[in-house]
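A quick write-up on the structure given underneath.
For ligands, and for the atoms within them, numbers begin at 1 and follow the listed sequence. The first residue in the sequence is number 1, and the count goes up from there.
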Amino acid sequence: MPQHPTDPACIFCKIVAGTIPCLKVIEDDRLLAFLDIGPLSCGHTLIVPKGHYATLDQMPDDLAGACAAAAPRLSRAIKAATGASAWNLLQNNGRLSGQAVDHVHFHIIPRREADGLGYRWNPTKLDAEEGRTLLAAIQKAL
Ligand code: 5GP
Ligand code: ZN
């Protein structure tokens with residue numbers, strides 16, 4: 001198994017190492033899922049890789065894939081346990097996005113009628129010419 005970095009000062013590395021307790025939902029050799037200490041809704045769960053990477057774009061694909069692959073099973077169990085009918089998968093990268101803990105984590109946030117959760121979603125219109133230029137730039141960077 002590849003050696004992944006850890007940060008002794010990181011709260012999620014401490015949770016992974018077991019030096020800070022958590023309410024553990026599942027664990028395997030690549031990830032840990034536990035209940036969020038400040039839930040946005042009942043059942044709010046975090047999936048955390050066993051490796052200290054600040055943001056998703058810094059992560060190895062296979063470790064990120066392992067975390068994402070846990071989401072369907074976990075969400076089914078969380079829905080069954082909490083009665084939530086919908087849920088968001090949220091993953092913040094960088095302060096501007098709302099990330100507070102610099103160790104990659106995926107939020108599973110159960111949603112219910114009139115739960116008061118939400119975010120601003122103000123769609124604009126993609127200009128065709130700008131879209132083509134943007135597409136070329138992204139594909140060049142891949
Ligand atoms: P972010 O804003 O970085 O995407 O989300 C960080 C999340 O980690 C927050 O929802 C916060 O409640 C949760 N969190 C921070 N510290 C702890 C902790 O020590 N234990 C647990 N279980 N969750 C934590
Ligand atoms: Zn960490």
By number and element, which atoms of ligand 1 are closer than 4.0 Å to a non-hydrogen atom of [X]?
| X | result |
| --- | --- |
| Phe34 | 21 (C), 22 (N) |
| Leu46 | 8 (O), 13 (C) |
| Gly38 | 12 (O) |

Specify the protein heavy atom at minimum distance from [atom]: its residue, its atom name, and the distance to 0.1 Å.
| atom | value |
| --- | --- |
| atom 15 (C) of ligand 1 | Val101 CG2, 4.1 Å |
| atom 5 (O) of ligand 1 | His105 NE2, 3.1 Å |
| atom 9 (C) of ligand 1 | Asp36 OD2, 3.3 Å |
| atom 24 (C) of ligand 1 | Ile37 CG2, 3.4 Å |
| atom 3 (O) of ligand 1 | Ala100 N, 2.6 Å |
| atom 22 (N) of ligand 1 | Leu35 O, 2.9 Å |
| atom 8 (O) of ligand 1 | Phe12 CZ, 3.5 Å |
| atom 2 (O) of ligand 1 | Gly98 O, 2.8 Å |

Return the orientation label for the His44 and His107 ring planes: parallel under 30°, perpendicular over 60°, tilted otherwise. tilted

Assert yes or no for the condition that the ring centre distance of His105 to His103 is strictly below 6.0 Å. no

Using ring centroids (six-membered ring only for Trp), state whether Phe34 and Phe12 fall under 6.0 Å. yes

Interatomic spacing from CZ in Arg112 to OG in Ser41 - rounded to 0.5 Å: 5.5 Å

Spacing of Arg111 atom CZ and Thr82 atom OG1 [to the nearest 0.5 Å]: 12.5 Å

If we ignore angles and hydrogens, is there a donor and acceptor under 3.5 Å between the side chains of His52 and His4? no

Are the side chains of Ile20 and Ile11 in touch, meaning some heavy atoms are under 4.5 Å apart? yes

Results of side chain to side chain contact (heavy atoms under 4.5 Å, CB included) for Lys24 - residues two or more places apart only: Cys22, Glu27, Leu32

Ligand 1 versus Ile15: contacting region, heavy-atom distance under 4.0 Å: side chain

Kindly list each side-chain donor-acceptor pair under 3.5 angstrom involving residues 58-77, sequence neighbours excluded, with atom names and distances?
{"from": "Gln58", "atom 1": "NE2", "to": "Thr55", "atom 2": "OG1", "distance (Å)": "3.2"}
{"from": "Ser75", "atom 1": "OG", "to": "Ala71", "atom 2": "O", "distance (Å)": "2.9"}
{"from": "Ser75", "atom 1": "OG", "to": "Pro72", "atom 2": "O", "distance (Å)": "2.8"}

For the 3.5 Å polar cut-off, considering only N or O atoms, please tell me whether His107 and ligand 1 meet it. yes

Min N/O separation Ile11 to ligand 1 under 3.5 Å: no

Show me the donor-acceptor pairs, under 3.5 Å and distance only, between side chains in residues 89-97 and residues at least two apart or in other chains.
{"from": "Gln91", "atom 1": "OE1", "to": "Asn93", "atom 2": "ND2", "distance (Å)": "2.7"}
{"from": "Gln91", "atom 1": "NE2", "to": "Asn93", "atom 2": "OD1", "distance (Å)": "3.3"}
{"from": "Asn93", "atom 1": "OD1", "to": "Leu56", "atom 2": "N", "distance (Å)": "2.8"}
{"from": "Arg95", "atom 1": "NH1", "to": "Gln99", "atom 2": "O", "distance (Å)": "2.8"}
{"from": "Arg95", "atom 1": "NH1", "to": "Asp102", "atom 2": "OD1", "distance (Å)": "3.0"}
{"from": "Arg95", "atom 1": "NH2", "to": "Asp102", "atom 2": "OD1", "distance (Å)": "3.4"}
{"from": "Arg95", "atom 1": "NH2", "to": "Asp102", "atom 2": "OD2", "distance (Å)": "2.8"}
{"from": "Ser97", "atom 1": "OG", "to": "Asn93", "atom 2": "N", "distance (Å)": "2.8"}
{"from": "Ser97", "atom 1": "OG", "to": "Asn93", "atom 2": "O", "distance (Å)": "3.1"}
{"from": "Ser97", "atom 1": "OG", "to": "Gly94", "atom 2": "O", "distance (Å)": "2.6"}

Is there a donor-acceptor contact under 3.5 Å from the side chain of Thr45 to the main chain of Gly43? yes

Smallest separation among heavy atoms of Pro110 and Cys42, with atom names: CG-O, 3.2 Å

Return the number of protein N, O or S atoms with a distance to the Zn ion (ligand 2) smaller than 2.8 Å. 4

